[in-house]
Structure formats: structure tokens, C-alpha cells
Amino acid sequence: MPASVLLRRSAPPAGGPRPAPPRRRTRVLALPEARWALAALVLFVLALPVYLLGGPAWLWGPLFAATYVTGGWEPGWEGLKALKGRTLDVDLLMVVAELGAAAIGQVLDGALLIVIFATSGALEAVATARTADSVRGLLDLAPTTATRLLADGTEESVDTGRLTAGDTILVRPGQRVGADGRVLDGASDVDQATITGEPLPVSKRPGDEVFAGTVNGTGALRVRVERDPADSVIARIVKMVEEASETKAPTQLFIEKVEQRYSIGMVIATLAVFGVPLAFGDTLEPALLRAMTFMIVASPCAVVLSTMPPLLSAIATAGRHGVLAKSAVVMERLGQIDTVALDKTGTLTEGTPRVTDITPLPGGGLDENALLRLAASAEHSGEHPLARAIVRAARERGLPLADASGFASAPGTGVTATVGGHRIRVGSPAHLTSAGGDGLDGVVRSLEDEGRTAVLVLRDDVPVGVLGVADRLRTDAKATVAALTELTGRPPALLTGDNERAARLLAAEVGITDVRAGLLPQDKVAAVREWEAEGRRVLVVGDGVNDAPALAAAHTGIAMGRAGSDLARETADAVVVRDELATVPAVMALSRTARRLVVQNLTIAGVFITALVAWDLIGTLPLPLGVAGHEGSTVVVGLNGLRLLREHAWTGSSAKGIG
């Protein structure tokens with residue numbers, strides 16, 4: 001996707017809220033594969049009861065014929081094109097075998113397999129379309145216009161695509177930054193969670209770097225552009241997601257691995273079964289009947305059902321418990337993981353700042369509730385996430401807020417308001433006071449050493465207390481890390497854009513030793529590729545736009561669904577809908593169980609096919625008995641795979657994951 005597409009978006013109103021981006025989701029029935037699969041399924045469902053109840057052939061016959069056409073023409077056509085390119089795939093042989101079955105009266109077998117194949121193709125098309133939708137949706141993060149400052153001090157509105165390195169742009173409060181660059185003048189708090197995943201806005205002052213698509217706070221910034229729009233971090237994220245999605249090869253299922261050999265062998269064997277008896281004087285009809293029987297019993301219906309029911313049952317069971325795997329291939333791959341990389345903010349943590357510590361200072365005359373009430377009253381009109389956290393904490397304790405007047409906010413410093421006749425200031429200790437006292441420095445240092453953000457409260461310029469604010473660790477984080485360590489044989493790694501100290505403190509709390517902090521999206525991708533170059537199969541779990549490239553590049557990606565970005569959810573192979581982190585090891589254990597059932601089913605199917613084929617070649621296998629054996633093996637492997645629909649399948653996997 002060309003970077004110039006970034007330019008074709010309407011700009012948000014200055015200082016106002018950004019309008020919600022348009023939905024970019026392709027409708028399922030807009031895909032021809034989905035329409036053909038639905039038509040085949042409907043026709044099959046209409047024909048099935050008529051056929052089973054002994055209805056007239058003139059009624060069920062056309063319905064089954066239409067099922068063959070709607071569901072089978074596309075794989076048949078693709079098979080013919082592959083044949084033209086000197087490649088023989090099993091899809092074409094499936095169509096031929098089912099047409100042969102229909103020719104000798106076994107129309108139900110053929111129609112069922114046609115429906116299965118058509119549905120599988122439709123699911124693959126939907127997954128591909130949704131990935132493309134999510135990449136296009138990312139472009140809405142970037143503004144289309146920017147305010148460029150000219151040498152004479154005048155302003156002009158220009159398309160962001162026309163900006164070049166060295167230009168100076170003005171970013172007003174509430175606007176998105178138009179290009180990657182460095183602050184020349186001004187101070188503000190910038191929300192750059194889309195790029196780095198940091199839970200709180202970052203104070204920006206002259207000399208600090210800013211990124212295109214991030215949201216400016218309450219201050220105005222003059223920014224010198226340092227990268228062309230095509231090279232911005234947002235544009236590189238788009239490019240990396242596209243490249244990783246295109247180059248990531250899915251794990252091949254067993255049938256695909258042996259497809260060429262099986263297909264060629266089946267064609268040769270069928271021709272031999274038909275031609276050899278004729279060469280020795282057999283008549284046409286018995287030879288044709290034997291060949292058709294061989295084609296039916298050798299057709300891999302049971303092999304196909306060996307793989308799909310266990311994986312689809314695992315998908316359904318995981319879905320009931322809040323994990324949506326996007327395909328059977330994804331469910332299979334989850335059981336192959338040997339390395340897990342976790343994001344910090346919004347994944348191991350809740351992603352919402354909360355007040356964790358309330359420390360009144362000696363001489364202030366306040367207890368915890370009075371200190372929190374005073375700070376919340378002053379912050380009540382603030383929009384900063386820290387302000388919302390303080391107000392939320394006061395409301396959770398049921399504390400009534402006092403009226404405040406004269407509210408003022410200084411970016412990067414804090415707020416000032418008059419509460420109860422006193423001048424109250426709440427904000428950064430580094431900017432509100434230059435001299436500690438009465439234990440203030442020790443309290444601030446202790447909070448920061450524990451990874452908290454310290455918030456100082458002053459009354460009439462006298463420090464009266466300190467609040468600690470942090471992104472709270474998920475309650476199941478520690479157990480999840482232990483379970484992932486047990487499943488993969490090594491502790492998970494932590495990949496985060498947050499600062500080193502906060503990352504290592506949190507990692508130590510949950511038992512993670514491999515910590516990589518201060519990472520941009522491309523750094524996370526580099527870490528994933530480094531592990532995969534060592535032969536590892538990496539699972540990345542994240543929630544933000546900044547995690548999307550790593551989710552796409554990894555062997556498998558899981559997104560946190562409740563607070564995660566649209567791009568992360570669409571790029572990932574699976575989504576944890578309710579943000580229950582403990583479901584990650586549970587679904588991995590479920591996948592491993594499904595893969596064991598696949599192996600069992602393939603063994604059962606192989607035994608049946610081998611026995612029936614040998615009978616047909618060595619003796620005379622009656623067609624009804626051949627069909628019964630073929631269908632019997634199909635039923636056996638199907639029922640075996642459906643075992644994972646039971647509730648015990650999930651509870652057992654949860655016990656393996658968390659136990």
C-alpha cells in the first residue's frame with residue numbers, strides 16, 4: 001500500500017475530538033468464495049432430508065447437482081489451472097472422485113465433501129480480507145494536513161505528504177502530530193500509546209522526539225520535521241504488517257504435505273485398477289465398477305475429517321471461553337509454540353492508571369481520605385489520565401468532591417485550583433518543588449523505585465502528601481507466566497516500549513527474566529525475527545497498534561480484545577475477548593490436545609483406507625461394503641474429533657495451563 005494513501009483523509013478539527021474513523025471491514029458476503037460456499041450449503045441442506053426420506057430423484061437430484069456446481073466449480077477450476085502448470089493437487093482429485101461417486105449413485109458422499117471444501121475456502125478468503133481491512137484502517141491514525149510555518153512567520157495548511165525534512169510545523173492542542181520530528185518550542189503532554197504502548201502521555205519539551213499520528217495534549221508545539229511521510233513510524237508499521245502478512249507461511253497440515261505424492265499415486269492406481277483387468281480380458285462394466293470402488297475407498301474424506309473436527313471443535317470450545325482463533329491452521333499452530341513474548345501495558349497490566357499509594361506527609365494534618373479528596377477536587381476538571389485515575393480512586397472510596405475554582409493546567413507540570421479557600425497544586429514533584437523536606441524526597445524516590453508515578457499535592461505551596469499511580473498488574477499475570485514457562489520450557493520474554501526501570505520491576509514481580517524495554521514497533525519485530533532465526537516458533541501477545549507488526553511477523557499472534565486496538569485484533573491470529581490472560585496457556589494446551597487427536601484420526605483413517613484398498617485390489621470388495629467402510633471411518637474420526645466440544649476439554653486444558 002503506497003504511503004501516499006496517508007494523505008487522503010479528512011483532518012480533525014483543531015483542538016476538538018477526532019471523529020471516529022470509518023469502518024473498513026469487508027462484508028463476508030461481498031466475497032465470492034463466501035457466496036458460493038453459502039449457496040452450496042443451503043442446497044445441500046435442502047436436498048439431504050429429501051434424499052434420506054426416500055423422496056423422488058427428480059427432487060433431490062437437481063439440488064445435489066446444484067450443490068456440486070456451486071461448491072465444486074471453483075476448486076475444480078483452480079485444480080485445472082494448477083494442472084496446466086504441471087501441478088496436481090488433491091482438490092481436483094476430490095472433485096473427480098466425487099463426480100465418480102455420483103456416477104455410480106453415491107451422490108451424498110460427493111456433496112458432503114464439496115460443502116466442506118467450499119466452506120474451508122470461504123474462511124480463508126474472509127481471513128485474508130480482514131487482514132487487508134485492518135492495514136487500511138491504520139492509515140486513519142495519521143492526519144491528512146498539517147500547519148507549516150514559513151520563514152516570514154506566516155502559516156499555511158498543506159498535505160502531510162508534501163512535508164519534507166527540515167520543515168517546521170505547528171501542532172495545536174488536541175491535534176495529531178503530522179510528521180515524525182523534534183520539538184523546537186513549546187511544552188505539552190503527547191499520547192503516543194499507538195507507537196510505544198506507554199500507558200500515560202509523555203511530557204514533550206524542546207529537543208524531544210515526536211511521532212506522526214500521536215495525539216498532542218493541551219499545549220502547542222513547534223516541530224521540525226525529520227523524516228519524510230513515507231518513512232514515518234506509522235508508515236513503516238503499515239509496511240511491516242503488509243510484508244509480514246504476505247511472507248508468513250502457514251504450517252502445512254498433513255494432507256498438504258503429502259498432496260502431490262498422494263494425488264499422483266491415486267491417479268496412477270485408479271488407471272491401473274481400471275486398465276489392468278481390461279488387459280487380461282475383463283469386461284468394461286466390472287472393471288469400471290472396481291475402479292470407481294477404488295476411487296471411493298481411496299478418496300481422503302476420512303483424512304480430511306481427521307484434521308478438521310478436532311481443530312474446529314477446539315476453536316468452538318475456546319470461543320465459548322473467550323478466545324477466538326481465526327482458523328483451524330491457527331489452532332494447530334498454537335500447539336507448536338516454544339517461545340512466548342508478552343507486551344507490558346494492556347497485556348500483563350490492565351492498561352489503565354490507578355492510584356496505588358496514598359502517603360500524607362507529616363505536618364500536613366491530612367489522613368489518606370482527606371488527601372485523596374483534596375487532590376481529586378483539584379483534578380476534577382482535568383483530562384490527563386493521571387487526573388482521571390485520582391478522581392476515580394476518590395469515587396471508589398465514596399469521597400464527596402469539594403467545589404474548585406480557578407482551574408489551570410500546565411503541560412508536564414500539573415494543575416492548580418482553589419479548593420476550600422486554599423491554593424491546591426497537583427503534579428510532578430520535579431516541577432512543583434525544588435526542595436524536599438519532612439521525608440518528601442524519600443517518599444518520591446521509594447515510589448519511583450517501585451515503578452510508580454509520583455504525584456505531589458501542595459496546599460498553599462506546602463507539600464501535604466504524595467500519591468503513587470501505576471498501571472495495575474493483572475491478577476492472573478503471575479500464574480499465566482508460570483503456566484507458559486511450564487508449557488514451553490522457558491520463561492516468556494517481555495517486549496515493551498515503556499522505560500527500562502518500570503519494565504524490569506514488573507518483570508521481576510511476575511517471574512520474567514528476558515526484558516527488552518524502550519522498543520519501537522520495528523524493534524519488537526527484530527526481536528521476533530532473531531528468535532525465529534534460531535528455529536523457535538514464537539507467540540506474541542499484545543494489544544496496541546505498536547504491537548501489530550510483531551503480531552504479524554510472529555509464528556502466531558494473540559491480541560487482547562477488550563482494550564486492544566482494531567489493528568491488533570485484526571492482525572492477530574487469535575483474540576482474547578474478555579482480556580483474561582490465563583486463557584492464553586489454556587488455549588495452547590487445548591491446541592496440543594487437538595493436535596494429538598489429529599494424529600489419532602490420521603492413523604485410524606490410514607488403517608481403514610489401507611484395508612479397503614487392499615481388499616478391493618486383492619479380492620472383490622462389494623461396492624456397498626466399500627461405501628460402508630469408507631463412511632464408517634469418516635464417522636469414527638469425526639466423532640473422535642468432536643470430543644473437544646465437551647466442557648471437560650477446556651477445564652482439562654486450563655488445569656494443564658495454570659496448574
Side-chain angles (χ1 to χ4, degrees), residues 1 3 127-128 131-132 134-135 138 180 194-197 211 227 230-252 326-327 329-330 332-348 481 484-485 487-498 500 503 507 512-560 564-565 567-574 584 588 591:
M1 186 176 298
T128 301
T131 299
S134 65
V135 174
L138 175 59
D180 288 3
T194 55
I195 302 298
T196 66
F211 304 106
R227 298 189 189 96
D231 296 325
S232 70
V233 173
I234 281 287
R236 292 204 300 271
I237 292 177
V238 173
K239 184 177 180 181
M240 284 187 290
V241 171
E242 288 178 327
E243 289 177 348
S245 298
E246 290 171 0
T247 58
K248 184 171 65 174
T251 304
Q252 297 298 309
K326 296 183 179 179
S327 73
V329 174
V330 170
E332 183 202 30
R333 297 164 94 178
L334 283 167
Q336 301 170 343
I337 299 301
D338 57 21
T339 300
V340 179
L342 301 170
D343 175 48
K344 174 180 172 287
T345 304
T347 301
L348 278 175
V481 169
L484 292 172
T485 303
L487 282 171
T488 63
R490 58 168 61 94
L494 182 63
L495 303 181
T496 178
D498 211 344
E500 181 88 14
I512 294 177
T513 56
D514 187 356
V515 179
R516 308 190 185 194
L519 304 183
L520 289 175
Q522 59 265 32
D523 302 321
K524 294 186 178 184
V525 172
V528 170
R529 288 177 175 163
E530 174 188 331
W531 289 319
E532 293 191 336
E534 298 172 359
R536 301 192 198 178
R537 291 175 175 175
V538 182
L539 168 66
V540 172
V541 186
D543 71 303
V545 168
N546 58 307
D547 298 316
L551 290 169
H555 182 266
T556 310
I558 295 181
M560 307 301 286
S565 70
L567 182 66
R569 288 193 295 265
E570 297 294 353
T571 302
D573 300 297
V584 173
M588 289 173 59
S591 172

Compare every heavy atom of [Y] with every heavy atom of [X], then report the nearest pair and how far apart it is.
X: His555; Y: Arg333; answer: O-NH2, 3.0 Å
X: Ala503; Y: Val515; answer: CB-CG1, 3.8 Å
X: Thr571; Y: Ala548; answer: CG2-O, 3.5 Å
X: Ala550; Y: Val540; answer: O-CG2, 3.9 Å

Qualifying residues under salt bridge (Lys or Arg N to Asp or Glu O under 4.0 Å), relative to Glu532, sequence neighbours excluded: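 Checked Glu532 against salt bridge (Lys or Arg N to Asp or Glu O under 4.0 Å); zero matches.
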
Sub-4.5 Å side-chain heavy-atom contact between [X] and [Y]:
X: Leu348; Y: Thr496; answer: no
X: Leu342; Y: Val584; answer: no
X: Met588; Y: Leu484; answer: yes
X: Pro492; Y: Val481; answer: yes
X: Ile558; Y: Leu334; answer: yes

Where the side chain of [X] meets the backbone of [Y], is there a donor-acceptor pair that is under 3.5 Å apart?
X: Asp343; Y: Val541; result: no
X: Thr339; Y: Val538; result: no
X: Arg516; Y: Ala493; result: no

Measuring from [X]:[atom1] to [Y]:[atom2], what's the distance to the nearest 0.5 Å?
X: Gln336; Y: Leu539; atom1: CD; atom2: CG; value: 12.0 Å
X: Glu332; Y: Thr556; atom1: CD; atom2: OG1; value: 9.5 Å
X: Leu519; Y: Glu500; atom1: CG; atom2: CD; value: 9.0 Å

Test: Lys524 and Asp547 ion pair at under 4.0 Å: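 Yes, this pair counts.
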
